[in-house]
Structures are given as structure tokens and as C-alpha cells.
Amino acid sequence: MLSTRGESYAKAGLANGYLGPPKTPFDKDTKQGVVSFNNAENFLMHDVMLQYIRKKVASDVDGTSLTYHEGPFGSRRLRAAMANHITTYFHPATPISPDHIVFANGVTSLNALCALSLTDPNDGILLGQPIYGSFNGDLRVPSSCQLIYTPFHGADPFSPDAVSRYEETFLQARDETGVTIRALLICNPHNPLGRCYPRETLEALLQFCQKYQIHLISDEVYALSVYGDDDSTSGFVSVLSIDPVPLGVDPALIHVLYGMSKDFAASGLRLGCLISRNERFLQAVLSMSVATAVLEDRGFVESFLQKSRRLLRSQRDLAARTLDEAGIPYSQGAIAGFFLWIDLSKCLDKAVVSSQGGWAAELDLSRRLQQIGVQMSTGYAYHNEVPGWFRVIFSLEEESLKEGLSR
């Protein structure tokens with residue numbers, strides 16, 4: 001009864017993790033329930049955002065918020081508020097106007113839009129390893145494109161030298177398998193490594209994209225969740241802050257994804273935006289007026305972000321100390337996002353490794369962790385190069401974090 005595309009959606013089971021009997025979340029009083037490190041959300045700031053919305057937003061909604069009169073891609077006021085926000089915190093090299101921004105119901109939807117707009121079936125999108133695992137469902141399933149993963153074989157994926165790895169993978173896909181790669185997608189700040197791309201690497205990536213006439217999509221959804229020692233966004237460089245013209249790069253190839261889900265602890269509002277100077281590429285769906293009120297209140301935004309960074313740094317340090325004391329290695333250099341990339345390879349069952357392989361042993365370890373009440377995303381889900389790595393979320397309430405790490 002379904003189309004071929006519909007059957008592919010059904011088989012993908014993209015919502016399976018949210019379905020089925022709900023698991024009892026951890027209760028800090030009873031010490032019972034599951035500690036979930038699965039979803040990268042800033043639980044530390046939920047109360048602050050909820051209090052703001054209850055106090056400020058209801059009185060700010062008028063009849064125009066319920067209409068399509070300015071188009072289904074975000075009101076002019078909302079797009080202007082976001083343009084001002086981007087100008088303040090992303091330091092664009094050339095001015096960003098509301099006309100460069102369109103809203104959709106979350107960055108997830110925008111990922112699908114990017115794939116549908118930039119690729120034909122079996123065309124490719126280039127990514128590094130490891131990378132946010134749900135890109136598979138967001139990009140490949142709706143568009144039937146191919147995701148082409150780049151291994152770095154121990155090289156630093158954030159150095160300009162990493163561009164040669166991307167080029168090797170690009171050429172191999174083109175010349176050996178006939179895949180036409182249409183775009184390079186990066187996470188900046190990175191998920192799950194929590195690092196930011198330096199300016200020189202971003203410039204090299206832009207020139208690589210210009211050389212082969214492919215689009216650069218920079219997912220910058222964690223841009224302001226940078227918890228460096230100086231309590232600022234130092235370390236994060238938006239691709240928007242780089243003037244492409246002196247580099248000989250076509251501005252129409254550059255696109256940034258951003259949203260309210262991470263930096264503003266508002267994943268459930270489903271507000272994402274695409275920032276681009278490519279007029280033919282700017283399309284989207286719906287928006288909500290909550291974002292407008294938040295973005296226009298510059299004082300609240302600044303105080304919210306300062307508190308968020310302090311709490312993220314504190315919780316990150318707590319998680320790092322606990323992992324160090326337990327002798328659990330983790331990827332170094334993380335200064336952004338809500339997670340650490342930890343190495344549990346020494347905990348893999350050697351018998352399973354020898355009989356079924358490392359990835360089967362990683363799944364076995366994941367199941368054993370779930371049995372003691374801990375849920376984490378696996379390295380396999382993030383297209384890691386080797387088995388045994390997991391993503392642990394530290395942006396939980398302190399008692400939950402301590403209990404989960406203890407388990």
C-alpha cells in the first residue's frame with residue numbers, strides 16, 4: 001500500500017528509538033531508573049528557558065503569528081531577529097539580511113531539504129569519521145543519496161592537512177565507483193568530538209569545494225555552546241565569518257544550518273534555519289513566534305549563554321575527572337557541545353570479538369550497559385573507524401550525571 005519511497009522510510013525505522021514502552025528515567029531521590037546519555041540536549045538550562053517563555057512570550061503573540069501572510073518560511077520579524085543574532089555572535093564577513101534566512105521545523109528537516117535540493121538519487125554527500133549518526137536518516141533516506149565517509153587514519157581531522165583525506169575519498173568515489181559528490185557536510189562545532197574547526201582549515205575546505213564545484217554545508221547548531229576557559233565563544237569560527245571572495249570561492253556554494261535546539265535548550269520547539277546567499281536554495285516550511293521573542297531580547301540571550309557556558313564547563317570537568325579516575329580514555333580537545341567521545345574498547349568481550357568481530361562486541365557492550373541502566377550512542381552509530389567508542393552526554397542534572405558515570 002506504500003510507494004517505494006514510503007517503504008524505504010518504513011524499513012529505516014528512524015523513530016524506533018522514541019517508540020515502544022517508555023523507560024523510567026532516573027530519579028535522584030530513589031536512585032532508580034535509566035540514566036540516558038542518548039540525546040544531546042542542554043538539560044542544565046531547561047528551567048531558565050521555560051521560565052522566560054512563561055513570563056515573556058505569551059504576551060508577545062498576536063494574530064499575525066498564526067498566519068501565512070509573510071510566507072511559510074518564517075515571519076519577517078523572526079528572520080530579522082535571527083539575522084541580528086547571527087551578526088552579533090557569528091561575526092559574518094558580509095552582512096546577513098532576513099532575505100538570507102529561512103526557517104523550518106528543525107535542523108533535521110533542513111538536512112533533508114539540503115539532500116533533496118542538492119542531490120539526485122545515488123549522488124553523494126561527503127562526510128568525515130566519526131560524525132553525527134542521524135545524518136543517515138536525515139539525508140540518505142528522504143533523498144536516496146549516498147553518504148561517503150572519509151577516514152583520517154589517525155591524522156587530525158581539524159587540520160588543513162585533513163583536506164587531502166577528503167580529496168582522496170572524493171576522487172575514489174568519483175573514479176572507482178562513479179559517484180557524483182555534490183556537497184561536503186561538516187559539524188562545526190563537531191558532534192561527537194566537541195572540537196571547532198580553525199579558520200585555516202575552513203578556508204582550505206572552502207577552496208576544496210570550489211575546486212570541484214561542490215557545496216559546503218556547515219552545521220553550526222552548537223555554535224554558542226562553547227565552554228572554553230574564558231567563558232566565551234573563543235575557539236569557534238563560523239564559516240560565515242570568512243570572506244570567500246579573496247579565496248576565489250563562490251558564495252553560492254556556502255550554506256550554514258543553525259537552530260534553537262542546542263544553544264537555547266529548546267529541542268522540542270523544532271526551530272531550525274538555513275543561512276545562504278543562494279536564492280534558489282532558500283526554501284523551508286514553518287516557524288513559531290517563541291524564537292522571535294527570545295532572539296530580540298539581547299540582554300536575556302547574553303545572560304542565558306553566559307550561564308549555559310559556565311554550567312557546561314562545570315559538568316564537562318566533572319565528567320572528565322570521573323573518567324580520568326576510572327582510567328577511561330576519551331578524545332581530547334573538546335570545547336563545545338554536550339558530549340565526550342569515550343573509548344571503552346578495553347571493555348569489549350574478547351570472545352565476542354574473536355567469534356563475531358569488533359562491531360558485534362560493541363553492540364554486546366551497549367546491551368550490557370543498558371542492563372545496568374545506562375544508555376549511550378555507539379561508535380557504529382557515528383560511523384567511527386574502529387569499534388569500542390561511545391558518546392556520553394554531560395549536560396545532565398548533576399545527580400543524574402554522577403549516577404550514570406558511576407554505573
Stepwise ring pair (Phe, Tyr, Trp, His ring centres under 6.0 Å) check, Phe394 with Tyr227: CA-CA 12 Å; Phe394 57 74; Tyr227 47 84; 5.7 Å; yes

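- Atom CG of Leu139 is separated from atom CD1 of Ile125 by 4.5 Å, given to the nearest 0.5 angstrom.
- Atom OH of Tyr380 has 12 or fewer heavy atoms from other residues, nucleotides or ligands within 6.0 Å.
- By the neighbour-count criterion of 12 heavy atoms within 6.0 Å, atom CD of Gln213 is densely surrounded, having more than that number from other residues, nucleotides or ligands.
- When all heavy atoms are compared, the tightest approach of Ser218 to Glu220 is OG-OE2, 2.8 Å.
- The main-chain N or O of Ala381 is found under 3.5 Å from a side-chain atom of Thr378 such that the two form a donor-acceptor pair.
- Rounded to the nearest 0.5 angstrom, Ile148 CD1 and Thr169 OG1 are separated by 9.0 Å.
- Between Leu405 atom CG and Leu340 atom CG the span is 9.0 Å, to the nearest 0.5 Å.
- In summary, of the residues considered (Asn38, Asn191, Asn384, Ile342), a side chain to side chain contact (heavy atoms under 4.5 Å, CB included) with Arg391 occurs for Asn191 alone.
- A donor-acceptor pair under 3.5 Å is formed between the side chain of Asp263 and the backbone N or O of Ser225.
- Ring centroids of Phe236 and Phe90 are separated by less than 6.0 Å, placing the two rings close together.
- With hydrogens and angles left out, the side-chain atoms of Ser303 and Gln306 include no donor and acceptor closer than 3.5 Å.
- Using a 4.5 Å cut-off on side-chain heavy atoms (C-beta onward), Leu257 and Ile275 make no contact.
- The minimum heavy-atom distance between Val163 and Ala204, with the atom names listed, is CG2-CB, 3.6 Å.
- A centroid separation of less than 6.0 Å is found between the aromatic rings of Tyr382 and Trp341.
- The closest side-chain donor-acceptor pair between Arg277 and Thr94 falls under 3.5 angstrom.
- Remark: His100 NE2 to Asn278 CG distance equals 10.5 Å, nearest 0.5 Å.
- We find the CG-CG distance between Asp349 and Asp364 to be 5.5 Å, quoted to the nearest 0.5 Å.
- Asp27 places a side-chain N or O within donor-acceptor distance of the main-chain N or O of Thr30, the cut-off being under 3.5 Å.
- A heavy-atom distance below 4.5 Å is not found between the side chains of His383 and Phe135.
- Contact annotation: the side chain of His190 approaches that of Ile131 to within less than 4.5 Å [non-hydrogen atoms, C-beta and beyond].
- Using a 3.5 Å distance cut-off with no hydrogens or angles, the side chains of Arg174 and Thr180 do not pair a donor with an acceptor.
- Counting heavy-atom neighbours within 6.0 Å of Lys31 NZ, excluding the residue itself, gives a total above 12.
- Tested against Asn111, the residues Leu116, Leu274, Ile217, Asp138 include a single side chain to side chain contact (heavy atoms under 4.5 Å, CB included) partner, Asp138.
- To the nearest 0.5 angstrom, Ser143 atom OG is 9.0 Å from Asp123 atom CG.
- The shortest heavy-atom contact between Trp359 and Glu385 is CZ2-O, 4.0 Å.
- Glu296 places none of its side-chain heavy atoms less than 4.5 Å from the side chain of His85.
- Among all heavy-atom pairs drawn from Leu147 and Arg140, the shortest one is CG-CB, 4.2 Å.
- Separation of the Tyr212 and Phe208 ring centroids falls under the 6.0 Å cut-off.
- Residues Arg407 and Glu403 are paired through a salt bridge, judged by an N-O separation under 4.0 Å between the basic side chain and the carboxylate.
- Counting heavy atoms from C-beta on, the side chains of Leu365 and Leu344 come closer than 4.5 Å.
- Ser159 and Asp156 make their closest contact through OG-O, 3.0 Å (heavy atoms, listed as atom of the first residue, atom of the second, distance).
- When atom types are taken as modelled, the side chain of Ser355 and the backbone of Ala351 share a donor-acceptor pair closer than 3.5 angstrom.
- Put simply, the side chain of Pro121 does not reach to within 4.5 Å of the side chain of Cys145, judged on heavy atoms.
- Under the side chain to side chain contact (heavy atoms under 4.5 Å, CB included) test applied with Leu216, the options Leu185, Val239, Leu253, Leu126 reduce to a single match, Val239.
- A donor atom on one side chain and an acceptor atom on the other are found under 3.5 Å apart for Asp343 and Ser345.
- By the 4.5 Å heavy-atom criterion applied to side chains, Gln315 and Leu44 are counted as neighbours.
- Asn42 and Ser395 form no side-chain donor-acceptor contact under 3.5 Å, judged by distance and modelled atom types alone.
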From CA spacing to verdict: side-chain contact (heavy atoms from CB on, under 4.5 Å), Gln210, Asp250: CA-CA 7 Å; Gln210 176 68 28; Asp250 183 355; 3.6 Å; yes

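- A donor-acceptor contact shorter than 3.5 Å is absent between the side chain of Arg199 and the backbone of Val237.
- In summary, Lys262 and Glu41 do not engage in a salt bridge, as defined by a charged side-chain N under 4.0 Å from a carboxylate O.
- For Asp317, the CG atom counts as densely surrounded, since its 6.0 Å shell holds more than 12 non-hydrogen atoms of other residues, nucleotides or ligands.
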Pair Gln172-Thr177, side-chain contact (heavy atoms from CB on, under 4.5 Å): steps then yes or no: CA-CA 7 Å; Gln172 183 179 23; Thr177 61; over 6 Å; no

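- Here the shortest heavy-atom pairing between Asp243 and Ala93 reads N-CB, 3.5 Å.
- With ring centers used as reference points, Phe339 lies 6.0 Å or more from Phe37.
- When atom types are taken as modelled, the side chain of Ser366 and the backbone of Glu362 share no donor-acceptor pair closer than 3.5 angstrom.
- Checked by atom type and distance alone, the side chain of Ser400 never pairs as donor or acceptor with a backbone atom of Leu396 at under 3.5 Å.
- Under 3.5 Å, the side chains of Asp219 and Tyr132 contain no donor-acceptor pair of N or O atoms.
- In this model, no donor atom of one side chain and acceptor atom of the other lie less than 3.5 Å apart for Tyr197 and Glu203.
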Pair Leu295-Asn84, side-chain contact (heavy atoms from CB on, under 4.5 Å): steps then yes or no: CA-CA 8 Å; Leu295 293 171; Asn84 288 333; over 6 Å; no

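- With hydrogens and angles disregarded, no donor-acceptor distance shorter than 3.5 Å links the side chain of Ser406 to the backbone of Lys402.
- Between the side chain of Ser276 and the main chain of His255, no donor-acceptor pair closer than 3.5 Å is present.
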Step-by-step side-chain contact (heavy atoms from CB on, under 4.5 Å) determination, Phe304 to Tyr52: CA-CA 10 Å; Phe304 181 93; Tyr52 180 88; over 6 Å; no

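- Put simply, the side chain of Tyr222 reaches to within 4.5 Å of the side chain of Phe338, judged on heavy atoms.
- Using a 4.0 Å cut-off between charged nitrogen and carboxylate oxygen, Arg321 and Glu325 do not count as a salt-bridge pair.
- A salt bridge links Lys211 with Glu167: the closest approach of a Lys/Arg side-chain nitrogen to an acidic carboxylate oxygen falls below 4.0 angstrom.
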